[in-house]
Undergrad: 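Here you go, one structure.
What you are looking at is a predicted structure, and each value in this text was computed from that prediction instead of being measured. Labels below follow one simple rule: chain letters A, B, ... track the order of the sequence lines, proteins then strands, and each chain is numbered from 1.
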There are 2 protein chains.
Amino acid sequence: MTQTEPTSSQQLGHTPRRQQILDIAADLFARRGFHGVSVAELGAACGISGPALYKHFPSKDAVLAEMLVSISERLLAEGSARAEASADPRSAIEALVEWHIEFALGHRALIVVQDRDWSSLPEDARERVRGLQRAYVDVWADQLKRAHHGLRTERAHAMAHAAFGLLNSTPHSALIPDGQMHDLLRRMALAALLPEADR
Amino acid sequence: MTQTEPTSSQQLGHTPRRQQILDIAADLFARRGFHGVSVAELGAACGISGPALYKHFPSKDAVLAEMLVSISERLLAEGSARAEASADPRSAIEALVEWHIEFALGHRALIVVQDRDWSSLPEDARERVRGLQRAYVDVWADQLKRAHHGLRTERAHAMAHAAFGLLNSTPHSALIPDGQMHDLLRRMALAALLPEADR
DNA sequence: GTGTCGGGTTAGCGAGCGCTAACCTACGAG
DNA sequence: CTCGTAGGTTAGCGCTCGCTAACCCGACAC
């Protein structure tokens with residue numbers, strides 16, 4: 001229903017504009033905030049002007065919604081896949097950390113928008129994103145509880161949130177090359193998350 | 001100049017309103033973002049209505065500016081004081097972590113506003129806040145460099161930012177009592193920041 | 001008693017916003 | 001050849017915003 005048409009040819013190829021808008025919007029929203037970017041500006045940045053956006057999205061809110069819902073889905077899908085594919089809790093946590101760093105380094109703008117402008121979402125999309133995020137946190141929390149015997153659920157959630165904070169700090173400091181940043185974040189996150197006995 | 005009058009009786013007592021506005025604004029800005037709160041709303045939340053705010057602040061921007069400048073100053077002042085009062089790098093880092101957690105847990109709203117609406121500041125205040133934040137990061141980075149021999153400056157900065165991300169995650173997860181959260185954050189931060197040999 | 005002034009009120013301005021309406025083309029299908 | 005449609009244009013509506021203007025009133029100084 002939210003898609004235009006689930007025809008056999010998929011929606012690949014007939015919407016480069018749509019994707020371009022999402023990409024550029026992510027960048028602009030990250031820099032100046034959702035409310036700080038007008039549709040005119042966004043359009044201009046895409047080479048078209050103003051109201052032409054409404055040929056691709058029903059509203060400005062919808063751009064934000066699609067952006068945030070889709071990244072929440074990707075984070076959750078790949079995260080839980082990697083966790084399930086792991087042999088033990090320790091390697092599952094390593095895999096989750098690895099995946100989250102990959103994503104955060106590769107999509108800095110989305111990370112910023114996600115936790116800055118989450119509250120600007122229309123009610124239904126906000127609900128959906130919250131559900132997906134909660135599920136993602138649960139994936140982490142489950143593995144943490146298996147790695148630390150006796151860890152309570154709420155504390156595991158808090159640990160996961162803290163880890164996200166650490167890993168998502170990446171857009172705020174682009175001072176060292178991605179490879180080194182990746183390595184640094186992995187080290188710090190694993191030190192913070194794994195029991196001392198393991199490390 | 002920015003103060004009304006530096007009389008001998010200080011400015012205590014003749015500005016409960018001013019402080020009230022700052023407190024309530026922090027709360028509202030944290031919840032819905034600087035651009036998401038109108039001056040009318042802010043006034044109403046203070047028991048006065050709309051333009052009465054301009055008897056206390058020259059503009060809406062100025063409210064945000066005073067809020068963010070003052071917390072940046074407090075973070076830096078107390079942080080560098082505690083670091084200097086420490087005997088060795090390890091205990092300096094412990095002291096910094098302790099101070100940052102105290103502050104973050106005690107002023108969740110300010111933490112949120114600081115890194116969400118920083119970019120909405122007028123140019124001069126943004127400059128000032130950036131300077132203060134950089135100095136605060138430097139305090140951390142210096143101690144980290146003394147604790148890890150051979151650590152490069154840029155990497156130390158990245159570590160400090162990552163630690164802030166971890167410690168500032170606190171407003172996103174209020175699910176466990178402050179005491180436990182404090183303890184958890186300290187453990188995770190120190191594990192992430194201190195060399196393995198130390199811990 | 002009167003004047004000043006801090007701190008409040010309402011009315012309303014100009015600008016910018018999201019969004020709609022109406023129109024214009026290029027183009028692929030029949 | 002025609003015509004529907006995808007994807008663009010400009011004009012402009014209605015609303016909200018930050019902020020100013022003009023006024024009001026109670027407390028205190030003298």
Undergrad: With heavy-atom distances below 4.5 Å as the criterion, would you say the side chains of Met159(A) and Leu151(A) are in contact?
TA: yes

Undergrad: Using the salt bridge (Lys or Arg N to Asp or Glu O under 4.0 Å) rule, collect all pairs that involve residues 107-120 of chain A, keeping only residues at least two apart or in two chains.
TA: Arg108(A)-Asp178(A)

Undergrad: Rounded to the nearest Å, what distance is computed from the CZ atom of residue Phe57(B) to the C1' atom of nucleotide dG7(C)?
TA: 14 Å

Undergrad: Encode nucleotides 16-22 of chain C as B, S and - characters from 5' to 3', where the letter depends on protein heavy atoms closer than 4.0 Å: B to the base, S only to sugar-phosphate, - to neither.
TA: -SSBB--

Undergrad: What is the separation between atom CD1 on Ile21(A) and atom C1' on dG8(D), rounded to the nearest whole Å?
TA: 12 Å

Undergrad: Mind jotting down which residue pairs meet the ring pair (Phe, Tyr, Trp, His ring centres under 6.0 Å) criterion with at least one end in residues 71-92 of chain B? Sequence neighbours excluded, please.
TA: none

Undergrad: Over how many whole Å does the gap from Arg18(B) atom CZ to dG6(C) atom C1' extend?
TA: 14 Å

Undergrad: For Ser49(B), check side chain to side chain contact (heavy atoms under 4.5 Å, CB included) against everything at least two apart and list the hits.
TA: none

Undergrad: Applying ring-ring contact (aromatic ring centres under 6.0 Å, His included), can you list everything that pairs with Phe57(B), at least two apart in sequence or on another chain?
TA: none

Undergrad: In whole angstroms, how far is the C1' atom of dG18(D) from the CG atom of Leu64(B)?
TA: 14 Å

Undergrad: Whether His56(B) contacts dG8(C) is assessed here as follows: a side-chain N or O lying under 4.0 Å from the phosphate OP1 or OP2. Is that the case?
TA: yes

Undergrad: Identify, with sequence neighbours excluded, every residue that meets side chain to side chain contact (heavy atoms under 4.5 Å, CB included) alongside Ala135(B).
TA: Leu76(B)

Undergrad: Output every pair passing side-chain hydrogen bond (donor to acceptor under 3.5 Å, both in side chains) with a member in residues 165-176 of chain B, not counting sequence neighbours, ordered by first then second residue.
TA: His100(B)-Asn168(B)

Undergrad: Using whole Å, report how far CG of Leu53(B) lies from C1' of dG18(D).
TA: 11 Å

Undergrad: With sequence neighbours left out, what residues match Phe29(B) under ring-ring contact (aromatic ring centres under 6.0 Å, His included)?
TA: Phe34(B)

Undergrad: Atom CD1 of Ile48(B) and atom P of dT10(C): how far apart are they, to the nearest Å?
TA: 12 Å

Undergrad: Taking only N/O atoms, report every protein-nucleotides 24-27 of chain D pair under 3.5 Å with atom names and distance.
TA:
none

